[in-house]
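Only one structure is covered here, and it is reproduced in the block below.
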Amino acid sequence: MTGNLWGYGEQDGPSVWHKNYPVAEGARQSPIDIVPHQASHDPSLGPIVLNYDKCTSIKIANNGHSVVVEFEDSDDRSVIQGGPLGNPYRLKQFHFHWGGKDCHGSEHTVAGKSYASELHLVHWNAVKYKTFEEAATAPDGLAVLGIFLETGDNHRWLHTITDVLYTVKFKGSVTDFKGFNPKCLLPSSLHYWTYLGSLTTPPLYESVTWIVVKDPIIVSEKQLGKFRMLVFTGEEEDQRTRMENNFRPPQPLKGRKVRSSN
Ligand SMILES: O=C(NCc1ccccc1)Nc1ccc2c(c1)[B-](O)(O)OC2
Ligand SMILES: [Zn+2]
């Protein structure tokens, strides 16, 4: 049973990741604090276009850091394009980051405001690269759509995910998860901020064009609470560590420009 290389605890969390992953102190790290009035409005930034109608979800899994839904990505059946992107990028997976309480949990912040959670829809540039792994190390390899989650009313579709979380409680557990289209998790408006950044978890590769959607989706406290019944640890481990606060805090902007769609 391999120990965990990194985590979100005192001994293995974001403040010590740089020891094994020196790029943690690099020039284009994520997440960041987005300051709307300092973002430059770029009229040449077109709308984000999602072609998810043929997307094929395969499974939902607990990877010891988050809960991930994986998609079939052997062809261009589900892609994101437009906006800052020069090519279509293939949907590979989505996952969430959340807090132990509603007052924090997102990775990106907006003028210092944290949201309760953040959804990441991960896509890779299959036009220029042969595999996700290759794309993940290239400066234009990945495009991640970030969606904020705020607590309020029940989200009418999130139950499709929260109802099955008990089947992936432990690290390493996987369950079939077919027929789910993540388009149902998007807010009505896709106005966004975009900037060049990185994975927010080790290996922290600086390969992500971030597209952070301005409007949050609303989910209930009860729905969000179900994410907190997941655990970071495997079933065979005696330690039961509740999966929460799996977010990296904002990183230095280091001169980067954040652009805003209209
Ligand atoms: O795919 C990941 N790891 C596996 C891996 C395999 C091969 C090469 C590199 C990485 N990680 C990862 C991917 C995308 C995002 C994040 C983490 B995120 O920052 O949390 O949100 C966006
Ligand atoms: Zn993420």
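None of these values were measured; they are calculated from a predicted model. Residue numbers count from 1 along this sequence. Ligands are counted one by one from 1 in listed order, and the atoms in each one are counted from 1 as well.
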Taking C-beta and beyond as the side chain, do Val67 and Trp98 meet within less than 4.5 Å on heavy atoms?
-> yes

Can you tell if the side chain of Trp124 reaches within under 4.5 Å of the side chain of Ser207, non-hydrogen atoms only?
->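 The answer is no, as the side chains (C-beta and beyond) never meet within the 4.5 Å cut-off.
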
Under 3.5 Å: N or O atoms of ligand 1 paired with protein N or O:
unit_1	atom_1	unit_2	atom_2	d
ligand 1	19 (O)	Thr200	N	2.5
ligand 1	19 (O)	Thr200	OG1	2.7
ligand 1	20 (O)	His95	NE2	3.1
ligand 1	20 (O)	His97	NE2	3.3
ligand 1	20 (O)	Thr200	OG1	3.1
ligand 1	21 (O)	His95	NE2	3.3
ligand 1	21 (O)	His120	ND1	3.1

Quick one: pull up CZ in Arg248 and CD in Gln29 and give me the separation to the nearest 0.5 Å.
-> 4.5 Å

Give the table of side-chain donor-acceptor pairs shorter than 3.5 Å for residues 46-54, with sequence neighbours excluded, one pair per line with atom names and distance.
unit_1	atom_1	unit_2	atom_2	d
Tyr52	OH	His123	NE2	2.6

Taking only residues two or more places apart in sequence, or in another chain, which ones meet Pro88 in a side chain to side chain contact (heavy atoms under 4.5 Å, CB included)?
->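 Counting only residues at least two positions away or on another chain, Pro88 forms a side chain to side chain contact (heavy atoms under 4.5 Å, CB included) with Val79, Gln81, Val127.
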
Listed protein N/O/S atoms, distance to the Zn ion (ligand 2) under 2.8 Å =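 Sorted hits: His95 NE2, His97 NE2, His120 ND1.
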
For the side chain to side chain donor-acceptor pair (under 3.5 Å) test, which of Asp73, Asp75, Asp76 pairs with Arg90?
-> Asp76

Would you say Leu224 and Ile147 are hydrophobically clustered, going by side-chain heavy atoms of ILVMFWY under 4.5 Å?
-> yes

In the single-linkage hydrophobic clustering (I, L, V, M, F, W, Y; side-chain heavy atoms under 4.5 Å), do Leu204 and Val68 co-cluster?
->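 No; tracing contacts between hydrophobic side chains, which count when under 4.5 Å, never links both residues.
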
What is the ring orientation for His120 with His108, classed by angle as parallel under 30°, tilted 30 to 60°, or perpendicular over 60°?
-> perpendicular

